[in-house]
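These numbers come from the heavy atoms of this one structure, side chains and all, not from hydrogens, waters or symmetry mates. So you know, we letter chains A, B, ... as the sequences are listed, proteins then strands, and number each from 1.
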Number of protein chains: 2
Amino acid sequence: MSQHRNEVPSGPTDPTASVPDVRDLSSGTGQQLPELPEATVARLPEYLRALHHFAEAGHETVSSEALASAAGVNSAKLRKDLSHLGSYGTRGVGYDVVVLVGQIESVLGLTHRRAVALVGIGNLGHALAGYGGFASRGFRIAALLDADPGRVGERINGLAVRHIDDLEAVMEEHRINIAVIATPVQAAQSVAERLVAAGVTSILNFAPCVLTVPDGVDVRKVDLAVELQILSFHEHRKASAASSPNGSALAERRRAEEPVSS
Amino acid sequence: MSQHRNEVPSGPTDPTASVPDVRDLSSGTGQQLPELPEATVARLPEYLRALHHFAEAGHETVSSEALASAAGVNSAKLRKDLSHLGSYGTRGVGYDVVVLVGQIESVLGLTHRRAVALVGIGNLGHALAGYGGFASRGFRIAALLDADPGRVGERINGLAVRHIDDLEAVMEEHRINIAVIATPVQAAQSVAERLVAAGVTSILNFAPCVLTVPDGVDVRKVDLAVELQILSFHEHRKASAASSPNGSALAERRRAEEPVSS
DNA sequence: TAGATTGTTAATCGATTAACAATC
DNA sequence: TAGATTGTTAATCGATTAACAATC
């Protein structure tokens with residue numbers, strides 16, 4: 001989904017190589033860019049959310065144990081993750097909440113609110129357009145686009161739906177790099193191609209299909225039915241596990257079932 | 001999120017141990033339960049979706065290369081994943097589409113349609129209740145619940161919204177094991193507890209919080225803002241990478257930004 | 001100083017991948 | 001038989017975790 005760079009920052013004869021530095025300072029712009037494992041990146045937003053809770057509760061510091069518990073991970077993993085950002089904790093005390101919030105926001109690129117375009121204002125698109133969680137967590141929905149002329153002009157949270165024909169103009173106007181695709185599956189690939197051509201480099205895809213995009217474009221996919229199917233596997237396993245040791249007919253007793261119509 | 005069992009199916013003196021069997025037949029009910037890596041489980045729904053496309057296009061067989069491409073993975077990974085289900089391909093030919101669909105559906109527990117309860121019929125809940133993708137992929141939304149008396153009785157796709165006070169009765173009535181939480185974050189934990197007490201063992205959580213549930217209950221979380229924040233990290237990194245080698249001021253030129261109001 | 005807690009180490013575990021023998 | 005493609009091996013990589021020395 002996203003490419004990894006396994007380059008070693010400094011060669012064996014580099015005079016700085018003897019000083020281990022957890023940060024990759026290769027950018028040289030004063031903006032440090034740590035080399036972050038993907039698994040760590042995926043957890044940072046959860047830490048950030050938990051930290052905001054501690055901040056609202058008036059905590060000035062938080063221990064790795066408390067923060068990890070609030071984020072649903074173990075403390076060793078949390079400390080390992082945070083160590084990739086550098087050292088921002090104090091032994092015997094914990095982490096300064098405000099400092100850590102700032103550090104994570106900085107690493108995630110959330111110091112500035114990012115403009116997002118939402119394409120496909122149907123059932124789900126409507127819900128996403130009205131979702132307050134984006135605004136409070138670093139994003140601004142800057143454009144709504146739909147192919148149905150009947151929906152063009154409709155206002156959601158004060159923002160008017162534009163026709164998909166205006167996609168290129170709208171993206172240019174707002175300088176949008178991130179788009180959410182909530183169109184029918186048939187339209188998703190061609191919409192993605194137009195978005196990329198218009199400068200989008202990150203896509204969140206709700207359509208149940210694989211998008212083909214050029215290198216350098218990141219795609220994340222959310223498929224609601226897939227999530228349920230994964231849960232179904234675990235349901236199935238739990239039911240079988242309960243039935244097998246003693247052959248109990250009570251297995252899956254609570255499972256509601258009916259033939260699949262295919 | 002879900003516990004792993006690392007038990008070896010048979011001991012060193014087990015007479016069957018000399019015959020390697022990819023399937024864990026410990027269930028003894030004739031229902032084979034392969035020991036499946038979580039990463040594999042998470043990809044099976046994607047293979048299933050791709051297989052349905054091939055079936056609709058009239059293909060009777062499909063090669064690992066073609067199926068992997070349609071699912072967005074490489075063919076080695078696909079073959080490794082499918083090998084955990086047993087051997088269902090034919091060398092020189094590929095996989096029988098219909099057979100493989102049946103095998104994956106069987107492993108995922110999708111041979112019977114599963115009843116799902118949806119709690120929280122707000123913005124997002126409405127969209128989920130109207131989403132056709134659940135019905136076509138193995139699920140039936142059997143109950144809608146909300147705490148707002150003003151919403152009770154409203155019908156979505158012919159199903160009436162029930163009051164949350166009736167949660168226990170509704171879950172018992174439909175024998176529901178899987179629930180989707182789309183409530184405000186403040187309500188999510190207590191709703192989860194009531195669902196678990198009423199027999200739910202799998203939860204798909206859209207509320208931006210960590211749910212605490214007993215062992216044996218599986219929770220999957222979908223957080224839309226988290227997905228965007230992960231994309232934001234990659235946007236940030238791409239912009240920095242573009243600027244650092246030559247110090248170009250054009251870096252992040254396209255990034256729309258404004259101060260975060262916190 | 002004593003207690004608390006971080007940052008890091010090292011062992012372990014799970015997932016990915018290329019390559020190729022097996023075999024249709 | 002020749003060509004195609006699977007199933008498996010083995011090497012590699014990345015992620016997790018417990019433990020504890022460092023240190024506030």
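A salt bridge between Arg137(A) and Asp223(B) is present, with a side-chain N of the basic residue lying under 4.0 Å from a carboxylate O of the acidic one.
Here dA15(D) is the nucleotide among dT6(D), dA15(D), dG7(D) with the atom lying nearest to any side-chain atom of Ala39(A). The side chain of Arg43(A) lies closest to dT16(D), out of dT6(D), dT16(D), dT16(C). For Asn74(B), the listed nucleotide lying nearest its side chain is dT17(C); candidates were dT17(C), dT8(D), dA15(C). Considering only side-chain atoms of Arg79(B), the nucleotide from dA19(C), dT8(C), dA15(D) that sits closest is dA19(C).
Using the Watson-Crick or G-U wobble rule with both distances under 3.5 Å, dA11(D) pairs with dT16(C). Pairing for dT23(D) goes to dA4(C), judged as Watson-Crick or G-U wobble with the two contacts each under 3.5 Å.
A distance-only check finds a donor-acceptor pair linking the side chain of His84(B) to the backbone of Lys80(B) [under 3.5 Å].
Whole-Å rounding puts the Tyr88(B) OH to dC24(C) C1' distance at 18 Å. dT5(D) atom C1' lies 16 Å from atom NE2 of His59(B), rounded to whole Å. Whole-Å rounding puts the Leu78(A) CG to dT5(C) P distance at 14 Å. For the pair Leu85(A) CG and dT6(C) P, the interatomic distance rounds to 14 Å; values are reported in whole Å. Following rounding to the nearest Å, Lys77(B) (NZ) and dT9(D) (C1') show an atom-to-atom distance of 18 Å. Here the C1' atom of nucleotide dC13(C) and the CD atom of Glu38(B) are 15 Å apart, to the nearest Å. Look at CD on Glu35(B): it is 11 Å from P on dA15(C), rounded to the nearest Å. Remark: P of dA15(D) and CG of Leu44(A) are 13 Å apart, rounded to the nearest angstrom.
For dT6(C), the OP1/OP2 oxygens have a side-chain nitrogen or oxygen of Ser64(A) closer than 4.0 Å. Checking the phosphate oxygens (OP1, OP2) of dT6(D), no side-chain nitrogen or oxygen of Thr90(B) falls inside 4.0 Å. For dA4(D), the OP1/OP2 oxygens have no side-chain nitrogen or oxygen of Tyr95(B) closer than 4.0 Å.
Within the 4.0 angstrom heavy-atom criterion, base atoms lie near Ala76(B).
Looking at which nucleotide of DNA chain D each of Gly94(B) and Lys80(B) is closest to, the 5′-most match is held by Gly94(B).
When side chains are defined from C-beta on, Lys238(B) counts as touching Asp218(A), because their heavy atoms get closer than 4.5 Å. Thr61(A) has its side chain out of reach of Phe54(A): every pair of non-hydrogen atoms, C-beta onward, lies at least 4.5 Å apart.
Checked by distance alone, Arg91(B) brings a side-chain donor or acceptor within 3.5 Å of a matching partner on the base of dT6(D).
Side-chain contact, Asn177(A) with Thr201(A): no donor N or O sits under 3.5 Å from an acceptor N or O.
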